[in-house]
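All remarks here apply to the structure that follows.
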Amino acid sequence: MEAEKSLNFIEEIVEKDLQEGKNNGRIQTRFPPEPNGYLHIGHAKAICMDFGIAQKYGGVCNLRFDDTNPTKEDVEYVDSIQEDIKWLGFKWGNIYYASDYFQQLWDLAVKMIKEGKAYIDEQSAETIAAQKGTPTEPGQNSPFRDRPIEENLDLFYKMNKGEIKDGTMVLRAKIDMASPNMHFRDPIMYRVITDHPHHKTGYTWKAYPMYDFAHGQSDYFEGVTHSICTLEFVVHRPLYDWFIDQFADTDYRPHQYEFNRLNITYTVMSKRKMLQLVQEGLVAGWDDPRMPTICGLRRRGYTPEAIKNFISRIGYTKYEATIDVSMLEASVREDLKARANRMCAIFDPIKLIIDNYPEGSSETLVTENNPDNENAGTREITLSKEVYIERGDFMEDAPKDFYRLTPGGREVRLKSAYIIQCTGCDKDANGNITAVHCTYDPDSKSGSEGGNRKVKSTICWVDCNNAATAEVRLYDRLFSVENPSASEQDFRELLNPDSLKVLNNCIVEKSLAAAKPLDHFQFLKQGYFTADKDSTPEHLIFNRTVSLKDNWAKK
Ligand code: ATP
Ligand code: MG
């Protein structure tokens, strides 16, 4: 178990606020995804923070869909986001939508126009950007900045009635084009989107609020106390406060706090890029097991605990950094160690015939499910004259240090069964090896008195009378370079060509025909695996979650 962890810097802030009796001890957070894609492990970091703070301090965390851009949003994403949060093990208080506040936000914008604090700009996005200035040079005022209030109001209503074409008018806050904070240089509050239905409000609205205006107000309407987001919003915080100050009619204020985003090596962590991978068919969907999405990790065989332990280990800071993906892999390895029952799976099978084993007979043996978990118990397996072994466990002309099967070679133990000795092999007309032969020592059964004899190696096997065929998908890192987003090259050209290897004729114990997605197994010597969602008893499919050891460390 982890030692008691010290507080992260946001927990310190919350504890201080509680001591000072701020907001009468009320703690309220929100997790505010935009429903324009599936959640990824970066979001899991935000989720652990937002929900974690509420849980730890007896507060509430609400789920708020930040749905202010209908062109990219969809109910498919709304549904998947809820499923993923639940799967991670968190419970929200309420579900809200920024679109629930469209009327309230509109009324506030109208109020600002009436107070001479906002105006309609008819310039193009390019011109507005060009007038913004730079951090060291002031911007220029728009020629529309001093438009009369009545005209602004009239145009604002027209913007929302579909009388104004997309991209030709925006509502801007009239703040200060010379402000040292670029975000204060008359930020855009509303823009026009006419031709795209909103997933909740349809065509009711044609003028849509921008993030900076909508987010803080939504926090205020809901009573959020700690509005936690990532570091890129530090520079937005003064504007967040400014907008709220324009309307707040009580002393209560939500406060924004920022922590470092999660970036992981060999991974892209942006919904836009992930959407590209999905749309261009470069992966099999948002839940492709190579994707860093929550649903991809789930299908890959990650557990909520592995993800949460990883997040807890990397912690929260105020500095950007990139985390080595091997840390994530180590977390799932560690979690599955006690969780996953050990099974034999033969990836490249060949028959082993035990020549002195009685023809037509069979016996039941007992094997430990998981030596790393004393509660995992045992199970029965069967042995008969013919079993499958890994082709690589036999070598006809073996070097001295080959400890597995070779004619006249050393003794080897069949896992949980008997000691055998290889006698030879069969070949077809082309010289291909078709079967391996051995004899066994009937007095050497594992667990029996004669079973204590030490041999150099133990090999995996599956009884031919109790075997099922399976497809095994060996997943590896999706990208072959450490930082695909920082490269000069397009990230799509940096995909790892070996990120998926499919093995079609693997042999597993028949009991695995009942395996379901989210059941976890360790295939001995091979790695950790889970059943794929498309696996059926007729066509078994197993996904490799992670190898037993970090194979990249030595590369
Ligand atoms: P992306 O850049 O992948 O599209 P986003 O920030 O636009 O992500 P949102 O849906 O707006 O995605 O994010 C919801 C919440 O999750 C925000 O509070 C955001 O700060 C947080 N978040 C998003 N990506 C990460 C990340 N990589 N690490 C930590 N938190 C993140
Ligand atoms: Mg966003």
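Start at 1 and go down the list; that is how both ligands and their atoms are numbered. Small disclaimer: the values here were computed from a predicted structure and weren't measured.
- Short contacts between ligand 1 and S270, defined as distances under 4.0 Å to a heavy atom of the residue, involve ligand atoms 3 (O).
- When the heavy-atom distances from atom 12 (O) of ligand 1 to E34, H43, K72 are ranked, the shortest goes to H43.
- Under a cutoff of 6.0 Å and an axis angle of 45°, K45 and Y316 form a cation-pi pair.
- Within ligand 1, counting atoms from 1 as listed, the ones closer than 4.0 Å to a heavy atom of P32 are 14 (C), 18 (O).
- Within the structure, ligand 1 has H40 among the residues with a heavy atom less than 4.0 angstrom away.
- Geometric assessment of R544 against the ring of Y475 yields a negative cation-pi assignment under the 6.0 Å and 45° thresholds.
- Using a 4.0 Å cut-off to heavy atoms of F31, the atoms of ligand 1 that qualify are 15 (C), 16 (O).
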In sequence, state the C-alpha distance, the side-chain angles, and the governing distance for K158 and I120, and then conclude on side-chain contact (heavy atoms from CB on, under 4.5 Å).
-> CA-CA 11 Å; K158 284 195 169 127; I120 302 289; over 6 Å; no
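- Of the candidates V268, N260, T230, it is T230 that places a heavy atom closest to atom 19 (C) of ligand 1.
- In terms of polar-atom proximity, defined here as any N/O pair under 3.5 Å, R272 makes no such contact with ligand 1.
- Proximity of the aromatic rings of F523 and F529 is defined here by a centroid distance below 6.0 angstrom, and this criterion is met.
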Below 3.5 Å, can you tabulate the donor-acceptor pairs from side chains in residues 53-61 to any protein atom, sequence neighbours excluded?
unit_1, atom_1, unit_2, atom_2, d
K56, NZ, E11, OE2, 3.4
Y57, OH, E15, OE2, 2.7

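- Atoms of ligand 1 lying under 4.0 Å from at least one heavy atom of P33, given by number and element, are 10 (O), 14 (C).
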